[in-house]
Every structure is written in structure tokens, then in C-alpha cells.
Number of protein chains: 2
Amino acid sequence: MSYGQYGGGYAPPTGAPPGYGGGGGYGAGGQPGGFAPRRAAGPPPGVDPQLWNWFAAVDSDGSGQISAHELQKALINGDWTPFDLDTVKMLMTIFDVDRSGSIGYNEFAGLWKYVKDWQNVYRHFDRDRSGTIDVRELRDALTQFGYNLSPRLLDLIERKYDIRQGAAGHGPANGITFDRFVRACVAVKQLTESFQRLDADRDGWVQLNYEQFMSTVLTAP
Amino acid sequence: MSYGQYGGGYAPPTGAPPGYGGGGGYGAGGQPGGFAPRRAAGPPPGVDPQLWNWFAAVDSDGSGQISAHELQKALINGDWTPFDLDTVKMLMTIFDVDRSGSIGYNEFAGLWKYVKDWQNVYRHFDRDRSGTIDVRELRDALTQFGYNLSPRLLDLIERKYDIRQGAAGHGPANGITFDRFVRACVAVKQLTESFQRLDADRDGWVQLNYEQFMSTVLTAP
């Protein structure tokens with residue numbers, strides 16, 4: 001089969017991708033991305049103190065709910081650039097499970113674990129410790145997640161998500177920052193699953209009308 | 001036919017969409033987006049002075065070429081937010097025609113006209129003068145450009161490009177800023193044209209393998 005091994009052990013958006021050893025062996029390294037710490041008051045009783053500290057730190061107006069705006073202010077890449085709006089929207093779509101428009105403590109617990117797991121994944125695949133992911137590191141990551149993509153597709157993904165600002169595929173590559181790496185991986189997963197659903201007879205081909213084609217593309221992050 | 005009237009008079013990325021009256025009738029209004037002016041020296045002889053002034057203003061290091069970084073610093077929305085990296089990359093892909101990685105004076109002339117024309121389009125369709133485009137204004141614009149999209153597709157486009165940061169389709173819509181509006185229109189155009197090319201017999205259906213499906217999606221802005 002020429003595309004991703006369906007269900008090959010790669011699990012986002014509900015958790016971090018398994019399938020790599022994780023944990024020890026590659027040191028602390030730089031912070032690939034995540035939450036910018038802020039001061040917070042002490043935790044209430046009965047709650048994981050570290051997690052509550054993070055929640056309170058991100059909930060800068062102390063409302064007990066994290067707004068999308070508070071989330072975006074808290075989320076930074078390892079190079080201190082903010083997360084793209086499209087990545088913040090993707091995270092809200094995944095974790096605002098009660099569709100309240102904001103993130104409560106329990107939703108935050110899921111979001112926090114997700115970002116932390118992705119940080120470990122990112123650090124693991126950033127083998128040259130450059131702080132960004134290049135096309136070879138991207139290929140290694142997607143292969144590990146079960147996607148055996150052609151060199152052409154890998155090149156297109158790298159062009160789309162690299163922070164290089166020149167014309168697509170021209171000028172030196174700058175690499176893929178943390179938030180764009182997560183978005184790229186989620187997009188590949190979601191598009192592959194959409195294709196899989198449409199390919200009911202598993203022959204590697206789908207038949208689509210315009211409405212189906214456009215809605216499949218527009219729902220990807 | 002259920003999708004866009006192929007070639008129905010809508011012309012980006014090589015120019016602004018025709019098909020609306022343009023010009024007078026809707027006042028100056030706010031600046032929907034475009035270049036943030038900077039100080040510049042006088043123009044050399046034989047060159048459109050206004051355009052040269054803009055070029056020199058954006059070319060902040062005076063190298064005679066506009067880098068992607070200089071372009072991004074110069075491009076702002078009407079609410080003073082910067083253009084998304086993905087919009088800057090899209091503009092570089094369209095206008096860095098010699099693939100030098102930067103924008104020369106002649107390339108800038110095309111880019112400048114393009115942004116200016118889109119500003120007029122944006123101002124025209126922002127009928128309530130809110131400074132952003134809502135879903136009804138988006139529908140009017142795309143219909144004018146020849147795309148008769150279903151309410152569901154319009155809703156998906158609005159969710160994807162609206163700057164609302166909550167979960168997709170939840171929380172109050174904030175509207176679509178200038179740079180995201182341009183990107184949305186270019187994406188609809190490019191995806192519709194891709195579908196058209198694949199639909200060789202014009203029956204409204206395409207057959208795609210995974211490679212074709214993914215590459216079509218990944219080349220859209």
C-alpha cells in the first residue's frame with residue numbers, strides 16, 4: 001500500500017504519538033516549544049500542584065477558564081515566536097470538548113499533556129539539536145508514525161510548513177518550528193484518515209465530487 | 001453545475017478579481033490592509049515616483065531587493081496585525097518570478113498592484129464597514145468571483161479563515177482579516193482549478209489516488 005499504514009500506532013489528536021521509545025537518551029536540550037511560564041498563586045487542595053500552577057499561570061485574568069487569547073499569549077516556540085493562529089485554533093478544536101469557547105481545568109490537563117508529549121517527540125526527532133525540524137527529520141518522524149510518504153509529498157510538506165519565507169522551495173530552508181511541526185503531523189494524519197474513509201474498498205483510489213473534495217480539504221488544520 | 005463556473009472572470013493570482021464595479025461609491029473607509037509606510041529617499045529618474053517610494057520604503061536595508069523578512073515587516077492588516085507567515089509565503093510564491101528568494105523592483109510592481117487591487121475588493125465587500133469580512137460578505141465576494149458554493153462550504157471557509165480563536169464554529173465570529181481573506185480566495189480558486197483539471201470529462205466527479213489527493217491539498221496556500 002502506498003500510503004500510511006492505517007492505524008499504525010499513531011494516536012494524535014487525543015494523545016501523543018506512541019511508537020518511539022521516548023524518555024531518556026537525548027538530554028534536556030533546548031525547549032522546543034510550549035508554555036511561557038508566568039507567576040501564579042499557590043494551588044488549591046486536591047489538585048496536581050504543578051498542573052494547577054501551569055493552569056493558573058496561563059489563566060492570566062484569574063477567571064478559572066483559559067480563553068483562546070490567553071492560550072495564544074502563553075504558547076511559544078523554542079525560538080520565542082508565537083504559535084500561528086491556525087495552530088491555536090487547531091488546539092482549541094481538539095481540547096475545548098464542551099464547546100464553551102474556553103478551556104477549563106480538565107480540558108487544560110489534556111492540552112498540557114498533549115503539548116508536553118509533542119515537545120518530547122519534537123526533541124527526539126530534532127537529531128541535530130538545531131531547534132527546528134528539517135526535511136530528513138520530518139521524514140523520520142512521519143515514517144515512525146506509520147506514514148510512508150513519497151519524496152515528493154515529503155518535499156511538499158516541508159515547503160508548506162517550513163518557516164522559510166521565500167517562494168515555495170526556493171531560498172534556504174529555515175526548518176519547521178514546533179507549532180508548525182505539530183500542525184503538519186496532525187494535517188497528514190487527518191487527511192490520510194479522510195482518504196481512508198473515502199476509500200471504502202481499500203483499492204487506493206477514491207471518487208469525489210466537488211463538495212466532498214472541498215469539505216475534506218477545508219476541515220484539515 | 002454545482003461548483004464554481006470555471007473561468008468565470010475571476011483572475012488572481014496574476015491580478016485582482018474583476019467583475020465588480022470598483023472605484024467610487026464606497027468612500028475611503030478604513031485601510032483594510034497593505035503596506036505600512038516608512039520614510040524613503042527620493043526616487044531615481046525614469047521610475048514611477050510613487051511606486052519607487054513604496055519600494056524604497058519596504059526595502060529597509062536599501063539593498064535594492066526586498067527580502068521576505070522586509071516584506072513581512074511591511075505588510076499589515078487594517079487592525080495592525082501582521083500578515084500570517086502563510087500569506088507572505090503565498091505572495092512570495094506568486095511574485096518572486098525569477099526565484100531569487102527576494103523581490104526586485106519589477107516584481108514589486110506586480111505585488112504592489114495585486115495588494116492594492118485586493119484592498120479595493122476587500123473594502124467593496126466589507127459592506128458594513130466593520131473592517132473585517134463576515135460570512136455573508138464572504139459569500140457575496142465568492143459568488144461575484146463565480147463560485148456558487150454550498151452553505152456548508154461557505155461555513156467551512158469562514159471557520160477556517162475567521163480570526164476567531166475558539167474551537168471551529170464555536171464562540172463569536174471575529175471576521176476575516178484582509179490577509180486571510182486574500183488567502184481564502186486564492187485557496188478556493190486554486191483548489192477549484194485543481195479539481196477542474198482532474199475532472200477531465202466534466203461530470204463533476206474526480207478519481208484520485210493518495211499521492212494525487214495529498215499533493216493537491218499540500219500545494220494550496
Side-chain angles (χ1 to χ4, degrees), chain A residues 1-4 67-69 71-72 84-86 88-90 92-97 99-102 149-150 152-153 156-157 159-160 162-172 180 187-188 191-192 194-195 198-199 204-211 213-221, chain B residues 1-4 67-69 71-72 84-86 88-90 92-97 99-102 149-150 152-153 156-157 159-160 162-172 180 187-188 191-192 194-195 198-199 204-211 213-221:
Chain A
M1 188 159 289
S2 67
Y3 53 101
S67 68
H69 185 67
L71 185 63
Q72 192 176 28
D84 288 345
L85 173 60
D86 293 299
V88 176
K89 288 178 71 163
M90 182 188 88
M92 291 295 290
T93 298
I94 298 173
F95 289 102
D96 177 21
V97 287
R99 299 296 182 241
S100 65
S102 60
L149 304 182
S150 69
R152 175 169 146 74
L153 288 186
L156 288 175
I157 296 166
R159 288 182 189 199
K160 188 174 181 69
D162 194 287
I163 57 166
R164 158 180 50 207
Q165 297 176 321
H170 296 270
R180 293 175 72 90
V188 167
L191 289 165
T192 302
S194 295
F195 188 88
L198 292 160
D199 180 18
W205 290 83
V206 295
Q207 210 181 18
L208 299 172
N209 62 28
Y210 180 73
E211 183 81 14
F213 171 74
M214 292 295 278
S215 62
T216 302
V217 177
L218 290 166
T219 44
Chain B
M1 187 158 290
S2 66
Y3 52 101
S67 68
H69 186 65
L71 185 63
Q72 192 174 30
D84 287 345
L85 172 60
D86 293 299
V88 176
K89 287 178 73 163
M90 183 188 87
M92 291 295 289
T93 297
I94 298 173
F95 289 102
D96 177 20
V97 287
R99 299 295 182 241
S100 65
S102 60
L149 305 181
S150 68
R152 175 169 147 74
L153 287 186
L156 288 175
I157 296 167
R159 288 181 189 200
K160 188 174 181 70
D162 193 287
I163 57 167
R164 157 181 52 205
Q165 297 177 319
H170 296 270
R180 293 174 73 89
V188 167
L191 289 166
T192 302
S194 294
F195 188 88
L198 292 159
D199 180 19
W205 290 83
V206 295
Q207 209 181 19
L208 300 173
N209 61 28
Y210 180 73
E211 184 80 15
F213 171 75
M214 292 294 278
S215 63
T216 302
V217 177
L218 290 166
T219 44

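As the structure is a prediction and not an experimental result, all values here were calculated from the model. The sequence lines fix the lettering, A, B, ..., with proteins before strands; numbering per chain opens at 1.
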Set out, in order, the CA-CA distance, both residues' side-chain angles and the distance that settles side-chain contact (heavy atoms from CB on, under 4.5 Å) for B/Y210 and A/V206, then state yes or no. CA-CA 8 Å; B/Y210 180 73; A/V206 295; over 6 Å; no
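Scanning all heavy atoms of the two residues, the minimum distance from A/K89 to B/K160 falls at NZ-O, 3.1 Å. A/S215 approaches B/L153 most closely through the heavy-atom pair N-CD2, 3.6 Å. Pairing each heavy atom of A/F213 with each of B/T216, the nearest pair is CZ-CG2, 3.6 Å.
Ranked by non-hydrogen atom pairs under 4.5 Å with chain A, the options B/T219, B/V217, B/N209, B/D86 are led by B/N209.
Looking at B/A220, the atoms closer than 4.5 Å to chain A (heavy atoms on both sides) all sit in the backbone: N, CA, C or O. Heavy atoms closer than 4.5 Å to chain B are found in the side chain of A/D84, but not in its backbone.
Note that CG of A/L208 is 9.5 Å distant from CD of B/Q207, once rounded to the nearest 0.5 Å. Note: A/D162 CG to B/L85 CG = 9.0 Å, rounded to the nearest 0.5 Å.
Contact annotation: the side chain of A/E211 never approaches that of B/L149 to less than 4.5 Å [non-hydrogen atoms, C-beta and beyond]. Side-chain contact check for B/M214 versus A/L156: every heavy-atom pair is 4.5 Å or farther apart.
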